[in-house]
Amino acid sequence: MFGKLLLNYMPGLQNLLAYDKSWLKHDVKAGLSVAAVALPVAIAYAELAGVGAIVGLYSCVLPMIAYALFGSSRQLIVGPDATTCAVIAAVVFPLSAGNPELHWQLTIIMTLMMGGWCLLASKFRLGELADLLSHPILTGLLNGVAVTIIVGQLGKVLGIKLDEAQVIEKIIALPGRLSDSHLLTVGISLFTLIILMAIKTYRSQWPAPLIAIVITTALVWVTSAQQYGIATIGGEGFQPGLPVVNWGAFQPGPMRDLVIPALNLALVSFVSLMLTARSFAAKNGYEINADAEFRALGIANIMSGLSQGFAISGADSRTAVNDSVGGKSQLVSVVAALIIGIVVVFFTQPLQYIPVSALGIVLMYASWSLIDLRGLWNLRRRNKQAFRLAFFTFGCVLIIGVIQGIGLAVLLGLLQFLRTVFRPSEHLLGTDDDGMIHSLGNTNDIKMVPGVLMYRFNSPLTYFNVAYFKRRVLNLVDGAALQPKWVVIDAVACFTYSDISVLATINELKRDLKGRQIKLILAGRKTELTRWFKESRPTMNDDDMILAPDLYLALRFIQSKESASEGESVGDTQPNTG
């Protein structure tokens, strides 16, 4: 019993227990490829997050194993991600005030908080929060984060100081400091970029970042380039061995400033993870459990925090590598984690020779793939509202920062949604020559049913839009060329739950229509509406409102009533032959 319950919480383990041995060759090969890509990227993202290079590797090993056990995606690889690292840096840098030990401590605490938020969201089955960040918001966010990362690395790849806090200030300050560029650092940067571009052009299946880092590190080691001013990880305080954070002098005061940013980070990371997981699940023909993914992301981040790492998310580039090499199961993550773990234990010493400028180019190269300004601009033709939201998010991230930009973008998205619910679109309905119901105005073949006004309100009715709904119905009735005898409402579209304010307003609408000698029909959801109105008014016994199962049966009911009425009228005019 306990084992079955445990497997329900660990879909990854469930898949591994049913492992097909024919997958082993593919999974080992994919694990090696993923590790080859993850190693340099994790080190580079550690620099972006403002912690030591080794911390980037800490953030891979246990989190990848945890996700392999608890995640429901067979292809997804978790690890350091550009967006999460940019968010961490934006939050922790001001709080740490230049203290690297405090910076690392706050990064770990924020990671643990993020994991806690994810577990809490999973407990309350909030997996559908993945839909809260819409595609336009994510488009603007990813473009903004990519530009932020690229601008933030310019100082490292040029060998100059850009201490300005925000992107715009860095861009303004850059031209005046180009003359201070360190030529050897620029040379290493260009050499790294040439390697990356050449491999992408001629051997795209090779792990370009790993090869570039290995070559430039070997070059620095052979030439002793550090003495000529080339900054390396070792030159910035790299410690051989396995460094451990010291908690003795930690003051818990700044923790309160991490709670809401950690919540924002959890939401952004989960949405990013779900987009990647869903796309590869659809490609490989299986389903993703959103709540299980929330739980897996939470556990993976808690494991990262406990192993002194920083926040992680779904890594789309490494997931793509996994899928392209033919990875079949979560065993790929286990193999990649073991390889990275071996590097952490036995091969930390060579990391001190990695040039900082080469890592900056790797980060800029990875971030460039996130930029899609053309796609952002194309939204203007396809959907102006989506374009405005995406461009607003993009601008906010650049001007006021990642966290504030995300918050404002989500707020604007919610306001746009509320505006849609407050004042939704609407349709008058009619029938074609075959009696099929369609919206008026689509073609000239759709005509109104004589004496009937059929209306669809394209939003759930609730207390803050039902008054508008009532006004629209009465305005349409009063504005009709010929006053209808019947008003038919498509109840499927707008009656989604019981709301006392809605039911009360419908009774008012029924009363107002009765004063105009018009009967009201609600078509659809007959069972629910009957129960809701009975609960609202138990003594209701009124024929002025009719509940029909659907629009077609409502029209049939009207036709039968009209035919019966015409028959009675004809009967009244016949002579009495009795």
Grab the two heavy atoms, one from I168 and one from L398, that are nearest each other, plus how far apart they are.
CG1-O, 3.8 Å
Under the side-chain contact (heavy atoms from CB on, under 4.5 Å) rule, what do F310 and M110 come out as? Steps first, then yes or no, please.
CA-CA 8 Å; F310 52 78; M110 187 172 178; over 6 Å; no
Under 3.5 Å, is there a donor-acceptor pair between the side chain of S122 and the main chain of C118?
no
Check the orientation of F270 and F294. Use parallel for under 30°, tilted for 30 to 60°, and perpendicular for over 60°.
parallel
Does some side-chain heavy atom of V268 sit less than 4.5 Å from a side-chain heavy atom of T84?
no
Name all residues meeting the side-chain hydrogen bond (donor to acceptor under 3.5 Å, both in side chains) criterion together with R203; count only those two or more places apart in sequence or in a different chain, and write none if there are none.
none
Applying side-chain contact (heavy atoms from CB on, under 4.5 Å), run through W247 and I108 and close with a yes or a no.
CA-CA 11 Å; W247 293 97; I108 293 172; 4.0 Å; yes
Decide yes or no for K328 and R74: does some side-chain heavy atom of the first lie under 4.5 Å from some side-chain heavy atom of the second?
no
Angle class for the W104/Y58 ring planes (parallel below 30°, perpendicular above 60°, tilted otherwise)?
parallel
Do L106 and F250 make a side-chain contact, defined as non-hydrogen atoms from C-beta onward lying under 4.5 Å apart?
yes
Looking at side-chain heavy atoms only, is the closest gap between F280 and L76 below 4.5 Å?
no
Could you please spell out the steps behind the side-chain contact (heavy atoms from CB on, under 4.5 Å) verdict for V186 and V157?
CA-CA 6 Å; V186 174; V157 302; over 6 Å; no
Are side-chain heavy atoms of L297 and L119 found at a separation under 4.5 Å?
no
Is it the case that the side chain of E101 and the backbone of N246 share a donor-acceptor pair, with hydrogens and angles ignored and the cut-off at 3.5 Å?
yes
Taking side chain as C-beta onward, heavy atoms only, is K156 less than 4.5 Å from E47?
yes
Return the orientation label for the F391 and F394 ring planes: parallel under 30°, perpendicular over 60°, tilted otherwise.
tilted
Judged by atom type as modelled, is there a donor-acceptor pair below 3.5 Å linking the side chain of S269 to the main-chain atoms of A266?
no
Between K170 and V167, is any pair of side-chain heavy atoms under 4.5 Å apart?
no
Between the side chains of Q14 and Y9, is a donor N or O closer than 3.5 angstrom to an acceptor N or O?
no
I'd like to know if the side chain of N301 reaches the main chain of I312, judged simply by a donor and an acceptor atom lying under 3.5 Å from each other, with no hydrogens or angles considered.
yes
A side-chain contact here means heavy atoms from C-beta on lying under 4.5 Å apart; do I160 and L174 qualify?
yes
Among all residues two or more places apart in sequence or in another chain, which pass the side-chain hydrogen bond (donor to acceptor under 3.5 Å, both in side chains) test with T319?
none
From CA spacing to verdict: side-chain contact (heavy atoms from CB on, under 4.5 Å), L219, T223:
CA-CA 6 Å; L219 180 63; T223 61; 4.0 Å; yes
